[in-house]
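What follows is one structure encoded as structure tokens, with my remarks underneath.
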Amino acid sequence: MSQVYLDPNAPVEDRVEDALKRMTTEEKIDMFHAIGKFVSLGVPRLGIRQINHSDGPHGCRGELNWNDYNSAGWENDYIVAFPALSCLAATWNTELSALYGDKVSEEFAFRNKTLLLGPGVSLVRNPLCGRNFEYMGEDPYLTGEMAVPYIQSVQKNGIGCCLKHFFLNNQEIDRLTYNANVSERAVREIYLPAFKRCVDGGVWSIMGSYNKWLNTHCSQNNTLLNEILKKEWGFDGAVVSDWGGCHDTNEAIYGGLDIEMGSFTDGLTEGMKGGFDQYYMANPMKKLAEEGKLDMDVVDEKARRVLRLIFRTSMSPNQIIGKQRSEDHYAAAQAIAEEGIVLLKNENSILPIQADKYQKILVVGENATRDLSAGGGSSELKSKGDVFPLDELKAVYGNKIEYAQGYKCDEMSYENKTPTSPGLKQKLFDEAIEKAKSADLIIYIGGLNKDLYQDCEDADRQTYGLSFGQNELISALAKIQENIIVVNNGGSAYETPWLDEVKALVHIWYLGTMNGRAMVNILSGKVCPSGKLPVTWARKLDDYYFMQFGEEAYPGVDKQVYYKDGIYVGYRHFNTHNVKPQFPFGYGLSYTTFNYGKPTISANEMDKDGKLTVTVDVTNTGKVAGKEIVQLFIGDEECSVDRPAKELKGFTKLALAPGETKTATFEISENMLQFWSEAEHKFVSEPGKFKAYICASETDVKGTAEFSLK
């Protein structure tokens, strides 16, 4: 009898069904749980390969021991660290997203990995969340549109993406236990759409989040995984638990989980309390089968999903050999980093730096020399060839550069909590102040890092401001030298009380291996900045809407978190409730200028099954080539329910030479006008008046066009 399942050119569904009928019940159940820290079983007897999971999404994680989180000590697992996904989102460039997925998956393939654990598309509800740097901002439309090209490029190379964390992973405090209480409308309009966009885009697996929804853990949640994901959305892939996210045999079996990973661990440090055969979907599941208490249709459905994932990846003719640390990988990482850097302030055009104006340039800040690829939790990277900011500044500006560390962060990790001594803090502060007296330009390189309580898994930031005395240091430096440029790392927004005291502010996220090269190319003017914020940057933490509802809204009371901010997350709150941000969603400056023409709309009225087209000409009126992100927002002018003033529904990035004009074109369809009706439990649109806003940022409206829906 021919073995169709081994024919790589046979249709995947034929291979799945052929393999399924050859397998024993025990072999099926063996596929549903881990056999190593990052490995789940195939069917060795039939030559069906295992699944090799590996953390991403910013690069292939260094090899760990078989059953703990300690480094295996390999010397051939150094990789290129790509920029954090928060930086990718700030590019607003879907072509770069596709490039990112293509290049990063080559490194996974070369390391014989089957499943890339990412990308992350949880929404940024709270700027303090420790994992914001792994996510792509506060808007579900932007997040979904930026994630899909990444996913599709990874998967065309025969590596699976495991989309995470599904869903409502908006804080790290009590992440294993909190229950998110969210309105039906907010779930459907804010927290699910990016995931649905990725399912529609063909993602092959999804990772359940640690937290609960409807008082059930998301990795074994029947409503979420079976009813919404698999039945309503038609997802045909496999659901994987987060490491330690499975808690009950029956809930896991019948709640929609397909592969159980990392049980009896906190997902970060604790080791196993029992062998892999003790997992909830291992021996306990086999015992139910032996007793005739297991629904075999459910077993077969899980087996189909796991087999489908294997035949799409490690046993697919499309899986590439890949390569590691190649020149084009470094080049791609640099290109993404450069386009994600956001210029937030540039008083008197102090940037780009004109080297001949300055005799002595003082660089201050620990992040000028700190390895920011390491740390952060599961997305930590073991990179080689990293370019650090101080080294690159010296390479470009030579002996004009002098350095003072200025501050030292407290060493905070899962195993180590060591505060910096007051004496050392003062010494570093005084040294920076003294050196500043003879400098005629200061470049401050600081912000956040990837230690615990900064941008890191398993803990949230403890303050909206910068830690380690940085605010005081920046202000003190600015009093000595007015020519000060602040360049800060970080996965999300932070307080900037010194903003009026400095000439420039550049936000660079986490740029990976090419950190210093990309940063200096922007500062020197070799590259014109074109990144824009994927998050709203508030003046103070209390300006975010969730903060108005006290501890119930964050971090929760008795493990219950109430999302009383509803649909008013990020700019939806700021624009609707007239709260002025420090920097609005979609904001970013350039070294050139752009002029927008008047928007033109194809018709003033639209049928429910029709479409409209909005166009606008954009001209580069400056002296250097640049890229402008044109944004389409739509507002509902008359509606039976409260809606945000306007919402993002389109964007495009135009590359323009000096004097060049290009046309941005957007198509408007009826589904872009919908809201979720809690009365009808579905998306609906109402006839009436709408307004299309052409914007350079959420608050910078360049033109409008009105239309109505019949």
Among Arg111, Lys382, Arg61, salt bridge (Lys or Arg N to Asp or Glu O under 4.0 Å) partner for Asp55: Arg61
If the threshold is 4.0 Å, N to carboxylate O, is there a salt bridge linking Arg175 and Asp458? yes
Can you tell me which residue among Thr143, Asn170, Asn169 is in a side chain to side chain donor-acceptor pair (under 3.5 Å) with Tyr135? Asn169
Can a salt bridge be assigned to the pair Glu482 and Lys479 using a cut-off of 4.0 Å between side-chain N and carboxylate O? no
For residues Val121 and Leu163, determine if any side-chain heavy atom of one lies less than 4.5 Å from a side-chain heavy atom of the other. yes
Shortest non-hydrogen separation from Ile159 to Ser105 and the atoms involved: CG1-O, 3.9 Å
Show the nearest heavy-atom pair for residues Ala432 and Ala404, with the distance to one decimal. CA-CB, 3.7 Å
Please walk me through it: do Glu431 and Lys435 pass salt bridge (Lys or Arg N to Asp or Glu O under 4.0 Å)? CA-CA 6 Å; Glu431 178 190 28; Lys435 289 185 176 181; 3.4 Å; yes
Is any side-chain N of the basic residue among Asp451 and Arg370 closer than 4.0 Å to the acidic one's carboxylate O? yes
Between Leu511 and Pro83, the two heavy atoms sitting closest are O-CG, 3.5 Å
For the residue pair Tyr141 and Phe651, categorise the inter-ring angle as parallel (less than 30°), tilted (30 to 60°) or perpendicular (more than 60°). perpendicular
Can a salt bridge be assigned to the pair Arg461 and Asp455 using a cut-off of 4.0 Å between side-chain N and carboxylate O? no
Any Ile474 side-chain heavy atom under 4.5 Å of Val502 side chain: yes
How close do Gly622 and Pro658 get, heavy atom to heavy atom, and via which atoms? O-CB, 3.5 Å
Show me the pairs that pass ring pair (Phe, Tyr, Trp, His ring centres under 6.0 Å) and involve residues 490-530, at least two apart or across chains. Phe133-Tyr510, Tyr494-His507, Tyr494-Trp537, His507-Trp509, His507-Trp537
Just checking, any donor-acceptor pair under 3.5 angstrom between side chains of Tyr444 and Gln470? yes
With sequence neighbours excluded, residues passing ring pair (Phe, Tyr, Trp, His ring centres under 6.0 Å) with Tyr464: Tyr544
In plain terms, say whether Glu107 and Lys103 are close enough for a salt bridge, that is, a side-chain N and a carboxylate O under 4.0 Å apart. no
For the student: nearest non-hydrogen atoms of Leu477 and Val364, plus distance: CD1-CG1, 4.0 Å
Any donor-acceptor pair under 3.5 Å linking the side-chain atoms of Gln171 with those of Asn126? no
Can a side-chain donor-acceptor contact be found between Asp386 and Ser383 if the only test is distance below 3.5 angstrom? yes
Any donor-acceptor N/O pair, Thr91 side chain to Gly340 backbone, under 3.5 Å: no
Distance-only side-chain donor-acceptor flag, Ser86 / Arg131, under 3.5 Å: no
Under 3.5 Å, is there a donor-acceptor pair between the Glu457 and Ser379 side chains? no
Glu347/Lys345 salt bridge by N-O under 4.0 Å criterion: yes
Qualifying residues under salt bridge (charged side-chain N to carboxylate O under 4.0 Å, His left out), relative to Glu434, sequence neighbours excluded: Lys437
What pairs with Lys400 under salt bridge (charged side-chain N to carboxylate O under 4.0 Å, His left out), at least two apart in sequence or on another chain? none
Do the side chain of Thr513 and the main chain of Ala81 share a donor and acceptor less than 3.5 angstrom apart? yes
Classify the side-chain pair Asn93/Glu339 by whether it contains a donor and acceptor separated by less than 3.5 Å. yes
For Lys113, enumerate each residue passing the side-chain hydrogen bond (donor to acceptor under 3.5 Å, both in side chains) test, keeping only those at least two apart in sequence or located in another chain. Glu63
So does Lys532 pair up with Glu628, basic N to acidic O under 4.0 Å? yes
Does a donor on one side chain and an acceptor on the other come within less than 3.5 Å for Lys503 and Asn483? yes
Using only heavy-atom distances, determine whether the side chains of Asp102 and Asn157 contain a donor-acceptor pair under 3.5 Å. yes
Answer yes or no on whether Lys425 is positioned over the face of Tyr407, meaning its NZ or CZ is under 6.0 Å from the six-membered ring centre and within 45° of the axis. no
Here the pair of heavy atoms bringing Leu117 nearest to Trp243 is CD1-CH2, 3.6 Å
Could you tell me whether the side chains of Thr621 and Thr593 share a donor-acceptor contact shorter than 3.5 Å? yes
After noting the C-alpha distance and the side-chain angles of Glu411 and Lys417, does the key distance pass the salt bridge (Lys or Arg N to Asp or Glu O under 4.0 Å) rule? CA-CA 6 Å; Glu411 297 298 331; Lys417 295 176 174 59; over 6 Å; no
Sequence-distant partners of Lys164, salt bridge (charged side-chain N to carboxylate O under 4.0 Å, His left out), two or more places apart: Glu134
State, yes or no, whether a side-chain contact exists between His329 and Ser326 at a heavy-atom distance under 4.5 Å. yes
